[in-house]
Amino acid sequence: QVQLVESGGGLVQPGGSLRLSCVASGRAFSSYNMGWFRQAPGKEREFVARISWGGGSTFYADSVKDRFTISRDNTKNTVYLQMNSLKPEDTAVYYCAARTSLMQSDSPGKYDYWGQGTQVTVSS
């Protein structure tokens, strides 16, 4: 069983930045592909970014490309999401997720473990 705990959310003005962190329990973290997803009220959970188990491959949703950066530190069992130039439409609960398969995926249904989420609100 893997437990994921997100932190770093909050209220930020448009144009501001936040850095989300997700700490995983267990010793197998370095073998998991990791992803960040978000869900706004009344909307489906959507893909934001993913990173391969070794950190060498990343991929982003078009809506966040060039503004968000996903990274990981396998020595700390932690994956990060640096969010810059935030917009009101980025407001959502952000979730990190772990996929135990070697294949990467953008689909929420393909991830095996989820955190509880952290709220990000972008508003003036």
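In this structure, R72 forms a cation-pi arrangement with F29, its terminal cationic atom sitting closer than 6.0 Å to the ring centre and no more than 45° off the ring axis.
Listed for the N33 side chain is a donor-acceptor partner under 3.5 Å among the backbone atoms of W53. Judged by distance alone, with hydrogens and angles left aside, the side-chain atoms of S30 form no donor-acceptor pair with the main-chain N or O of N74 at under 3.5 Å. Remark: side-chain polar atoms of T91 are paired, donor with acceptor, to backbone N or O of V122 under 3.5 angstrom.
Here the side chains of W36 and V79 are in contact, with some heavy-atom distance below 4.5 Å. Inter-residue side-chain proximity for L11 and S123 is flagged as met; some heavy-atom pair is nearer than 4.5 Å. Using a 4.5 Å cut-off on side-chain heavy atoms (C-beta onward), Y60 and R67 make no contact. The closest side-chain heavy-atom distance from T100 to Y113 is below 4.5 Å. Inter-residue side-chain proximity for S101 and K110 is flagged as unmet; no heavy-atom pair is nearer than 4.5 Å. At a threshold of 4.5 Å between non-hydrogen side-chain atoms, the residues M83 and D90 do not count as touching.
Under a hydrophobic clustering in which Ile, Leu, Val, Met, Phe, Trp and Tyr are joined whenever their side-chain heavy atoms come within less than 4.5 Å, directly or via other members, V93 and W114 fall into the same cluster. Each of M34 and F59 belongs to its own hydrophobic cluster when Ile, Leu, Val, Met, Phe, Trp and Tyr are linked at side-chain heavy-atom distances under 4.5 angstrom. Following chains of ILVMFWY side-chain contacts shorter than 4.5 Å, one cannot reach F37 starting from L20, and the two form parts of different hydrophobic clusters. Under the 4.5 Å side-chain heavy-atom criterion for Ile, Leu, Val, Met, Phe, Trp and Tyr, Y32 and L4 are members of the same hydrophobic cluster. Side-chain heavy atoms closer than 4.5 Å link hydrophobic residues (I, L, V, M, F, W, Y) into clusters, and following such links, possibly through other members, connects V48 to I51.
Remark: S85 OG to K87 NZ distance equals 8.0 Å, nearest 0.5 Å. Remark: T69 OG1 to Y80 OH distance equals 14.0 Å, nearest 0.5 Å. With rounding to the nearest 0.5 angstrom, the OG atom of S71 is 8.0 Å from the CD atom of Q82. The CG atom of L81 lies 9.5 Å from the CG atom of L18; values are rounded to the nearest 0.5 Å.
Q119 and A92 get closest at one heavy-atom pair: NE2-O, 3.4 Å. What you find for V23 and T78 is that their closest heavy atoms are CG2-OG1, 3.7 Å. Annotation for R50 and D106: closest pair NE-OD1, 2.5 Å, computed over non-hydrogen atoms.
Within the structure, salt bridge (charged side-chain N to carboxylate O under 4.0 Å, His left out) contacts touching residues 39-49 (residues at least two apart or in different chains) are R38-E46. Applying the disulfide (SG to SG under 2.5 Å) test to pairs two or more places apart or on separate chains, those with a residue in residues 7-122 are C22-C96.
Relative ring orientation between F68 and Y94 is described as tilted, the plane-to-plane angle lying within the 30° to 60° band.
The pair K65-D62 meets the salt-bridge criterion, since a charged nitrogen lies less than 4.0 angstrom from a carboxylate oxygen.
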